[in-house]
Q: 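Just dropping this structure here.
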Amino acid sequence: MSGYERKNHYLQQATQEEKEVFLSTLCTLAQIDDKIKAEEMRFIEILSQKLELALKPQFFSYSTLNCLHKLACIKSYRLKLEIIKNMLIMAYTNNNFSDSESAFICAVSEALQIEAQKISEISSWIIDHIIWLEQEQLIFEETAPKGE
């Protein structure tokens, strides 16, 4: 099984309830600073397709407390890490990682009993990935060499 298949395996093997909690947690994060950005909405829509789950309007109206309570249904440690990873990716999508997003991600990680060191590792990995993507863009930018 390739890395990509293994990664999707955790999402595909999740129960319907776990998938809904996964997606609603990201929806709660998106609306935490009172404005859902276009990049966040695109991220959520793509994820809902991967999860084969309809995006319900109520997912955006859960209180943070309700959302944290619902996380108790997530049993798989790997699925817990996937939630944190996706939350961090989404928080970094618009280059504006707000204090409210950070606080909510911390609260979710505590509710999921994910240690701070693991959150730091995931965050560093995501930042490194963003840097690599930005470097790729610079390297392969379509500009003609001087003299052409």
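Because the structure is a prediction, the values reported are computed rather than measured.
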Q: Contact between I114 and Y77 at the side-chain level, heavy atoms closer than 4.5 Å - yes or no?
A: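 Yes, their side chains come closer than 4.5 Å.
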Q: Kindly give the heavy-atom pair with the smallest separation between A30 and M90, and that separation in Å.
A: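 For A30 and M90, the tightest heavy-atom pair comes out as N-CE, 3.6 Å.
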Q: Working to the nearest 0.5 angstrom, can you tell me the gap between K80 NZ and Q113 CD?
A: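 One gets 5.5 Å once the value is rounded to the nearest 0.5 Å.
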Q: Minimum heavy-atom separation for I126 and K85, please, with both atom names.
A: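 Shortest heavy-atom separation between I126 and K85 comes out as CD1-O, 3.5 Å.
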Q: Rounded at 0.5 Å granularity, tell me how far CZ in F22 sits from SG in C73.
A: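 The distance works out to 11.5 Å.
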Q: What do the steps show when you test Q117 against E121 for side-chain hydrogen bond (donor to acceptor under 3.5 Å, both in side chains), and what is the final call?
A: CA-CA 6 Å; Q117 177 62 33; E121 290 172 10; 3.3 Å; yes
Q: Whether the T25 and Y62 side chains hold a donor-acceptor pair (N or O, under 3.5 Å, no angle test) is what I'd like checked.
A: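 The answer is no; no qualifying pair exists.
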Q: Under a 3.5 Å distance rule, please check whether Q31 uses its side chain to pair with a backbone N or O of T28 as donor and acceptor.
A: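 Between the backbone of T28 and the side chain of Q31 there is a qualifying donor-acceptor contact (under 3.5 Å).
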Q: Any side-chain to backbone donor/acceptor pair from S61 onto Q58? Under 3.5 Å, distance only.
A: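 Flag set: sc S61 to bb Q58 pair under 3.5 Å.
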Q: Quick check on D99: does its CG atom have over 12 non-hydrogen neighbours (other residues, nucleotides or ligands) under 6.0 Å away?
A: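 Not buried by this count: 12 neighbours or fewer within 6.0 Å.
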Q: Side chains of M41 and L55, heavy atoms from C-beta outward: is any pair under 4.5 Å?
A: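 Answer yes - side chains close enough.
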Q: Of all the heavy-atom pairs spanning E101 and I32, show the shortest one and how long it is.
A: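 Shortest heavy-atom contact: CG-CG2, 3.8 Å.
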Q: Specify the closest pair of heavy atoms between A111 and L71, including all atoms of both residues, with the distance to one decimal.
A: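 Where A111 meets L71 most closely, the heavy atoms are CB-CD1, 4.1 Å.
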Q: Any chance you could lay out the side chain to side chain contact (heavy atoms under 4.5 Å, CB included) test for Q16 and L53, step after step, and finish with the verdict?
A: CA-CA 8 Å; Q16 185 73 14; L53 185 66; 3.0 Å; yes
Q: Just so I know, are the side chains of F59 and S48 near enough to count as touching, which here means a heavy-atom distance under 4.5 Å?
A: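 They are not in contact (no side-chain heavy atoms under 4.5 Å apart), so the answer is no.
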Q: Working to the nearest 0.5 angstrom, can you tell me the gap between S109 OG and K118 NZ?
A: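 Reported value, rounded in 0.5 Å steps: 13.0 Å.
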Q: Which pair of non-hydrogen atoms, one from A91 and one from I105, has the smallest distance, and what is that distance?
A: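 For A91 and I105, the tightest heavy-atom pair comes out as CB-CD1, 4.1 Å.
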Q: Between CD of E82 and CG of L47, what distance do you get to the nearest 0.5 Å?
A: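 The CD atom of E82 sits 9.5 Å away from the CG atom of L47.
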Q: Does S24 reach the main-chain N or O of E20 with its side chain, forming a donor-acceptor pair under 3.5 Å?
A: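 Side chain of S24 to backbone of E20, a donor-acceptor pair under 3.5 Å: yes, one is there.
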Q: Any chance CG of L138 has more than 12 other-residue heavy atoms, nucleotides or ligands included, within less than 6.0 Å?
A: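 Enclosed.
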Q: Measuring from L88:CG to S123:OG, what's the distance to the nearest 0.5 Å?
A: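 Answer rounded to 0.5 Å: 5.0 Å.
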Q: Side-chain contact test, heavy atoms from C-beta onward, threshold under 4.5 Å: evaluate it for E110 versus L68 and give yes or no.
A: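 In short, these two side chains do not touch, never coming nearer than 4.5 Å.
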Q: Where do I127 and Y92 come nearest, in terms of heavy atoms and distance?
A: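 Distance-wise, the nearest heavy atoms are CD1-OH, 3.4 Å.
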Q: When rounded to the nearest 0.5 angstrom, what is the spacing between CE in M87 and CD1 in I119?
A: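 Between atom CE of M87 and atom CD1 of I119 there are 9.0 Å.
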Q: Keeping K75 on the side-chain end and A72 on the backbone end, is there a donor-acceptor pair under 3.5 Å?
A: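 Pair found, side chain donor or acceptor close to backbone of A72.
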